[in-house]
Amino acid sequence: MPANGAPTKITQGSQTKGGIGESTLRPDGTLKVTGEFAYSSDMWHEDMLWGQILRSTVAHAEIVSIDTSEALATAGVYAVLTYDDLPTEVKNYGLEIQDTPVLAHGKVRHHGEPVALVAADHPETARRAAAKIKVEYRELPVVTDEKSALAPDAVLVHENRDDHHCGHVPHPNIVHRQPIIRGDVEEARRRADVIVEGEYTFGMQDQAFLGPESGLAVPEEDGGVHLYVATQWLHSDLRQIAPVLGLPEEKVRMTLAGVGGAFGGREDLSMQIHACLLALRTGKPVKIVYNRFESFFGHVHRHPAKLYYEHGATKDGKLTHLKCRIVLDGGAYASASPAVVGNASSLSVGPYMVDDVDIEAIALYTNNPPCGAMRGFGAVQACFAYEAQMDKLAKKLGMDPVEFRQLNAMEQGTVMPTGQPVDSPAPVAELLRRVKAMPLPPERQWESSEGADVRQLPGGLSNTTHGEGVVRGVGYAVGIKNVGFSEGFDDYSTAKVRMEVVGGEPVATVHTAMAEVGQGGVTVHAQIARTELGVTQVTIHPADTQVGSAGSTSASRQTYVTGGAVKNACELVREKVLEIGRRKFGTYHPAWATAELLLEGGKVVTDAGEVLGDLVDVLEDEVVEVEEEWRHRPTEAFDLRTGQGNGHVQYSFATHRAVVEVDTELGLVKVIELACAQDVGKALNPLSVIGQIQGGTTQGLGVAVMEEIIVDPKTAKVRNPSFTDYLIPTILDTPTIPVDVLELADEHAPYGLRGIGEAPTLSSTPAVLAAIRNATGLELNRTPVRPEHLTGTA
Amino acid sequence: MRVNFTVNGRPQEADDVWEGESLLYVLRERLGLPGSKNACEQGECGSCTVRLDGVPVCSCLVAAGQVEGRDVVTVEGLAEYAKQRAEGGCASGACGTTLQDAQLGVPPGEAWGRQAKGTDSQTGEGGELSTVQQAFIDAGAVQCGFCTPGLLVASDELLERNPNPSDADIREALSGNLCRCTGYEKIMDAVRLAAARQSEEV
């Protein structure tokens, strides 16, 4: 085994029940099973109005005119707003580049772009009034792919760019470009005994969180507004909302409403500004809830990608070099595209040792739907390509695909193509060994004495086969994902922790702005507080902007960063509590001054286990409260020419083995099992860890065999914006997912933990593809795989 | 129009209902029962599943007028419904069930006040839950929870007619309910757990 588990730095060896490492249950579980948990779409207010957005019906056009008169004259309508009604000079927003209009100004750049807003007393009235707004478009040619984007006479999606990337990109339709050059590829190429090339296509995936974009904006007496909304990062929203409303940030109060999943799709704004504008205009609370159709237009998607790869290897199976070019379609607005480019390029090599690389990743501006954050972004697309390459190389060399990967697997100390050494455990070979060692599911499980159980066969209850033409395949994949915000971003979180005696018992209150989107951060925060403060009772304060920023619930970072902030604030609170104890009791017992003191089970104890006193007696009526920011170690930007730089905080690794059965006659795939082995550093809550791994695995399965937003290449219009036409895995499509969790501590991280949410989404997809290739012998260079790709009728 | 029907054992009267309104809309926006969820509003996701005269349906696909005089059980009434069934009472929930007053509207402050409280509990907040509700909590089958109400209603109905389902039976029964967070494994665990606990109770 290449890596040793370093001791975790648990400053507080607490044995308090419900602390870290236990599978404590969700604090919001009861409310969620009784239907009482208030999601953003459940918000309600006396006299509230319903907001509706009118969206463009074409992808790229000049707006010749907008006539709102008929909509305004509709009974029950309180307001109709267009670009001309925006209250300040700030009319755009964006995560990194402020290129997204709040409402279209003279031009629309993608299908479904917001053009006008309506507020009415019934949602149907609002919808019908919006339909009465007359918009005249003069259509423009559409930019839909690299060829049309980079042609010498290409239509520019954004004229007059002045963002901080425009100076270094070779074409104005390129959002950002990141090359990585290291070693000497041409020299290394000459050492290669085999060379494998591939051109891969990754389809556009949707986050498809179930809780639609929604929220309630309530105007306040001071001229401000209070927004209850489902988001991934309250303070990032606030920073983008307030300037457009012309309000100081203090007058825009935000409270996190219940979030029905996110997966990156709530990192950008959706209805936030629109609801606030309508509320401020009408003086009434305004609720906006997208339906599923609108949701497909209302958030960014995963970047579809073209990936061009060339690898070489020696006869004995050592990789010589990598040349690759990754072209990501960012769609009409930048969103998270620059960061996606950074990930795609810096992780394009995968978890392998390759010294000589020539890498380039770009994101395009096109008139396709805007793309941005989705679980594993950038790394997901690359993993699909490099894992296909690994299988091709192994095959060409006559080697076992797992052994070939193990031979080239990175380990602690490996230097990334960016020049950054991997300075914590990187158990890639060990994870492959573990996933391969898991027992394979039995063959032909669908057979029984009463004949085939069609529910377990490809095609299922469609009753398309009873086993005829069904072949099995097995495939492996492994991936690497960065954890946390990279490339020099000031990635911090804030926690406010209070300790006091309530009802004769010491109670801790944890207040952060962390967006709980389902991942279980609230569960973990309470566990950390118990471990660090030795209390049983912990109250999690609702997330809002009355406390400092927690950063985004994305990039697998919240348990690391906000967990780290909670741990840090608890340590500061503990120190203050011990100060009080020393002040009150220090003269009675020398151990207060001399021993290392812990808080355990509601008591102050020495590290030798001697009880010095009850927390209740130490605190009495005193309240100890600390609010403090916490940062992980800093990162650096990647050099724009060479890609060199210590850009990442931490890496996360997962491996999958997929077992599939394919009906080769009809091209139907049934995934039988998706086994996963993942290193999590330290499982703060094992039940939640497994849940994250299984959920991430299933999203990877979805994009392997069914999930794709289809955009018409001629019109750039979305063709399948519904759950009828955009399919996500059901319980019948999803196999058993056995998980083997490895815990090798990263000594740089709180408790040694590793961010885990995204890595399983990477390797799941290529493992399924590898299994289908293994079953069918087909090359399959695109995902998702559809029946026509398997039957030769595409 | 006015619609009269029974929800979780209580007679309800909804006024000013538009012809196009769904049962889901009337439950959520007119009766203050937002537990049934609005994930797709086109019958694909199952988040809005309720029992209509005992039969699980997507309430988004039922026109409000269709429920006139009929009997609806939502996730809010599931615990009481299961309790009545266990006691051998009227399983439809229509036989004089006493439930708490339906919560009329969810003012955000109040909702969040409630959510803020008692978040410490390691086992859920107490209160009486049905076997299947408790099993979902215990098995880790709840993440974002948006699919949970529909899955609970569907799972409870499965266990009512098939107390000892095979894995294939569970998958078939829940195939109309999408979940995006869990990968379904913990949901399988939860239904198996609920079945085991129910058989112990009998």
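Sequence lines set the chain letters: A, B, ... in the order given, protein chains first and strands last, and positions in each chain run from 1. What you see is a predicted model, and the numbers here were worked out from it, not measured in a lab.
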- From CA spacing to verdict: salt bridge (Lys or Arg N to Asp or Glu O under 4.0 Å), A/Lys670, A/Asp733: CA-CA 7 Å; A/Lys670 173 92 179 170; A/Asp733 301 310; over 6 Å; no
Does one side chain, of [X] or [Y], offer a donor that lies under 3.5 Å from an acceptor on the other?
X	Y	answer
B/Thr182	B/Gln143	no
B/Glu44	A/Thr724	yes
A/Glu36	A/Thr34	yes

- Should the pair A/Tyr228 and A/His226 be assigned to parallel (<30°), tilted (30 to 60°) or perpendicular (>60°) ring geometry? parallel
With a 4.5 angstrom heavy-atom cut-off, could you sort out which part of [X] is near chain B: side chain, backbone, both or neither?
X	answer
A/Thr125	both
A/Pro735	backbone
A/Gln527	neither
A/Thr523	neither
A/Thr730	both
A/Val289	side chain
A/Trp50	side chain
A/Phe293	neither
A/Asp453	side chain

Heavy-atom pairs under 4.5 Å with chain A - which of [options] has more of them than the others?
options	value
B/Thr74, B/Asp167, B/Asp169	B/Asp169
B/Lys186, B/Glu41, B/Met188	B/Lys186
B/Gly46, B/Gly145, B/Ala141, B/Gly35	B/Gly145
B/Ala168, B/Gly140, B/Ser175	B/Ala168

Name the option with the most non-hydrogen atom pairs under 4.5 Å to chain B; the candidates are [options].
options	value
A/Ser41, A/Ser23, A/Gly691	A/Ser41
A/Thr698, A/Val33, A/Ile737	A/Val33
A/Glu516, A/Gln519, A/Gln207	A/Gln207
A/Gln456, A/His122, A/Glu46, A/Met48	A/His122
A/Gly261, A/Gly520, A/Pro729, A/Ala262	A/Pro729
A/Val510, A/Thr736, A/Leu701, A/Val259	A/Thr736

- Item | Close side-chain approach of B/Val73 to B/Val50, heavy-atom, < 4.5 Å | no
- Task: For the residue pair B/Tyr25 and A/Pro123, establish whether any side-chain heavy-atom pair is separated by less than 4.5 Å.
- Result: yes
Quick check on [X] against chain A: is it the side chain, the backbone, both or neither that has a heavy atom closer than 4.5 Å?
X	value
B/Cys181	both
B/Leu152	side chain
B/Ala139	backbone
B/Thr148	side chain
B/Ala79	neither

- Query: Can you list the residues that meet the side-chain contact (heavy atoms from CB on, under 4.5 Å) rule with A/Leu461, with sequence neighbours excluded?
  - Reply: A/Val454, A/Arg455, B/Glu172
- Task: Go through the steps for B/Val142 and A/Arg26 under the test side-chain contact (heavy atoms from CB on, under 4.5 Å), then give the verdict.
- Result: CA-CA 8 Å; B/Val142 179; A/Arg26 297 187 67 92; 4.3 Å; yes
- Task: With side-chain hydrogen bond (donor to acceptor under 3.5 Å, both in side chains) as the test, would you mind laying out the steps for A/Thr697 and A/Gln694 before giving the verdict?
- Result: CA-CA 5 Å; A/Thr697 296; A/Gln694 291 171 334; over 6 Å; no
- Start with the C-alpha distance between A/Gln699 and A/Thr761, add both sets of side-chain angles, then the distance that settles side-chain hydrogen bond (donor to acceptor under 3.5 Å, both in side chains), and finish with yes or no. CA-CA 6 Å; A/Gln699 290 183 359; A/Thr761 308; 4.7 Å; no
- Message: Tell me whether the count of non-hydrogen atoms from other residues, nucleotides or ligands lying under 6.0 Å of CZ in B/Arg2 goes above 12.
- Response: no
- Please name all residues satisfying side-chain hydrogen bond (donor to acceptor under 3.5 Å, both in side chains) with B/Ser47, sequence neighbours left out, ordered by chain then number. none
